[in-house]
Amino acid sequence: MTGALAGCSAKNKIPSIGYAVDAVPSSYNGGTTLGANGGAAALFSRVLTGFFYTGPDGQPVADTDYGTAKPVPGQSQTIQYRLNPEGVYSDGAPTTCDDLVLEWAARSGRFTKPGPNGDPVPLFDAASTSGYSDIERVDCQPGSKDATVAFRPEHHYVPWQTLFNSSELMPAHTLAQAVGVPNIVTAVQTADPAMMAKIAQFWNTGWDLKPGNVDPKLFVSSGPYRIDSYSATDGLVLVQNDKWWGNKALTPRIVLWPKGTDVKQKVSDKAIGVIDVGAGSVKDLSMGGFTVNQVPGRGAEQLVLSTGGVFASADARRAFALCVPRQALFDKLGHPGFTEQSGLGTGPLNSRTVQADSVYYGPIVGPAAKYRTGDAGAAQQALSAAGVTNPIVRIGYRAPDDRRAQTVAMIAAACHAAGINVVDAGSPTFVPTQLGTAADAVLGSTAGAPGPAGSLTDRGTTAALYTGQGLNFGHYSNGRYDTLADQLAADDNSSDVLNYDTDAEGLLWGDMPTIPLFDTPRTIAFGDGMQGGIVNPTKAGAGWNMDRWVYLKG
């Protein structure tokens, strides 16, 4: 690609590309709950690099510019990580194995504090501990470029390539300076409670993102772009990182326009060259001058239900699910601009654990049939049996979003006959942590994400229903499901996987912690003259290769 563009006249190359994406920049740290939910992977995968990133088919792709990761033969699972000797952050500090130790410490689940009832609660607000909790130790000499990650004896984590990835590996040296320790490795090894509390507090909130508040000393980059500025009026501005040791970014400046931007006005102003939003989310969006791709995403459009309040009982959750018209929702909203014959986007999504193009999907989705069409009479009977009378169900989502507003309206109309009053609780400031207080259900993609979500091996789907995980906004808990999730992560024998998926799906349709609707449809469009743009309907979004974008004047 680089060679093909070398002959282009520099004067024809637009030096700045606007990128509209419906992610919500809440944290630079994609390992935190709100960072992951807000779409850090779609915003920062070419700012904070790692050993793997998410490719256009949802698969983990090795980033050898950052370093290499190789399994070590032996009885216990061990991975050898080696960072690129030339790797440095944008402040000149080297990338080191300290970064891996920090990520593991934050996401292992082993560092806790007493909760309100005396029970231990996590110090770190990690989106998920999946995989990291299986790691026994990370062998690392402070400042070294090498690390050996040893998993617990008898533990095996099949999707290990989802660990230590782009948008999640944070600069340990920055945190160490902020909390006043010589290095993170020694601090984690000594595990002093007071020091770990300081480390956790910074990891949780020290990289929070707010317009107008971007300190270049904190928001350092390990990729081809770095953050230059962030404001409500001028967007989140990325510029070339002159310390990047790999192939130089082809366009000097990328302006990220997040959810809440007036996309129609920006398109009218010709301020946008790339669009990646939920299909139908921006009403009457004119995309003349763009090559438009309407595609099913790997995220799961769903309702995440609270397990308290009106939905405290599984009976009440099942009753609500009976009136949700999943087939009608798919028919009207689930496949705008495309008709797929197989795989993703072919019908209502009938599984929470398996994607529609998986070989396991067909055999495990039988329990979903009962909840396909929306049956108000059956829902009303189920509510009566559950002892619930005239419930009010508030559905929250990140507004504005025309497709999700229509989704809520269709559910409200269908459930009204069952005596269920559905209220649209969408808001421009809504976040899934408001589930149980400001809302009884979250309408979003995988793990309630407002924007890009999902991957081929996405553990976010599993973590979103696993006891105690950050992405489990509904606080669902079932020990049997947790065991099945652990077995799915540890076993790749096809007959075992089929049995685990079958058991998990049957259990989840009984407990009803979420109601899957359809594969989240995405609109990904590239302006005429854009080169290097590749559709990626996953959590990484269209920006997964933004350093290869070139926009030529017509």
Side-chain angles (χ1 to χ4, degrees), residues 300-331 347-353 364-397 407-425 432 434-444 448 464-467 472-484 501-518:
E301 192 76 357
Q302 60 183 325
L303 291 164
V304 181
L305 306 184
S306 174
T307 52
V310 69
F311 288 139
S313 74
D315 291 335
R317 298 193 295 270
R318 286 194 301 271
F320 178 57
L322 281 168
C323 72
V324 174
R326 297 191 315 117
Q327 182 67 53
L329 288 168
F330 170 76
D331 291 342
L349 182 60
N350 295 322
S351 169
R352 300 162 183 81
T353 59
I364 71 168
V365 297
K370 178 180 178 181
Y371 300 95
R372 184 171 68 85
T373 57
D375 186 333
Q380 192 170 37
Q381 290 179 357
L383 280 175
S384 297
V388 179
T389 306
N390 299 322
I392 297 173
V393 176
R394 299 160 298 166
I395 300 180
Y397 59 92
T407 300
V408 174
M410 287 181 66
I411 294 171
C415 292
H416 180 73
I420 300 173
N421 182 16
V422 172
V423 176
D424 186 325
Q434 293 173 317
L435 183 59
T437 54
D440 307 295
V442 174
L443 175 58
L465 295 172
Y466 198 101
T467 301
N472 184 352
F473 297 109
H475 304 297
Y476 172 67
S477 180
N478 184 302
R480 174 61 181 152
Y481 171 78
D482 294 347
T483 298
L484 289 167
D501 279 328
T502 301
D503 289 351
E505 212 54 63
L507 186 155
L508 293 172
W509 280 107
D511 282 355
M512 205 66 73
T514 64
I515 304 173
L517 302 177
F518 43 77

Less than 4.5 Å apart, side chain to side chain, heavy atoms only: is that true for [X] and [Y]?
X    : Y    : value
Y397 : V408 : yes
Q380 : L322 : no
V423 : I395 : no
P391 : L383 : yes
F518 : P348 : no
I515 : R326 : yes
E301 : L443 : yes

Gap between atom [atom2] of [Y] and atom [atom1] of [X] - 0.5 Å precision:
X    : Y    : atom1 : atom2 : answer
M512 : L303 : CE    : CG    : 11.0 Å
N421 : C415 : CG    : SG    : 10.5 Å
Y466 : T483 : OH    : OG1   : 7.0 Å
H475 : L435 : NE2   : CG    : 7.0 Å
T514 : R317 : OG1   : CZ    : 10.0 Å
L329 : I411 : CG    : CD1   : 5.5 Å

Self-check item: Ring-face cation of R318 near W509 (centre distance under 6.0 Å, axis angle within 45°)
Solution: no
For the student: nearest non-hydrogen atoms of [X] and [Y], plus distance:
X    : Y    : value
A319 : A379 : O-CB, 3.3 Å
A376 : A418 : O-CB, 3.4 Å
A316 : A386 : N-CB, 4.2 Å
Q302 : P516 : CB-CA, 4.0 Å
A425 : A438 : CB-O, 4.1 Å
G396 : A439 : N-CB, 3.9 Å

Practice problem: Taking atom types as modelled, find out whether Q327 and T373 have a side-chain donor-acceptor pair closer than 3.5 angstrom. | Solution: no
Self-check item: Side-chain donor-acceptor contact under 3.5 Å, D511 with Y481
Solution: no
Practice problem: Test D375 against C323 for side-chain contact (heavy atoms from CB on, under 4.5 Å), laying out the working first. | Solution: CA-CA 5 Å; D375 186 333; C323 72; over 6 Å; no
Self-check item: Under 3.5 Å: donor-acceptor pair, side chain of D440, backbone of R394
Solution: yes
Quiz item: Quick check: does any side chain N or O of E505 sit under 3.5 Å from a backbone N or O of R352, one acting as donor and the other as acceptor?
Solution: yes
Self-check item: Qualifying residue, where the test is side chain to side chain contact (heavy atoms under 4.5 Å, CB included) with Y476 and the options are L508, T467, L305
Solution: L508
Practice problem: Describe, in one word, how the ring planes of F320 and F311 are oriented to each other, choosing from parallel (under 30°), tilted (30 to 60°) and perpendicular (over 60°). | Solution: tilted
Exercise. Evaluate the side-chain contact (heavy atoms from CB on, under 4.5 Å) criterion for residues L507 and N478: first the C-alpha distance (whole Å), next the side-chain angles of each, then the deciding distance (0.1 Å), finally the verdict.
Key: CA-CA 9 Å; L507 186 155; N478 184 302; 3.7 Å; yes
Quiz item: Could R480 and D503 be called an ion pair, given the rule that one side-chain N must be under 4.0 Å from one carboxylate O?
Solution: yes
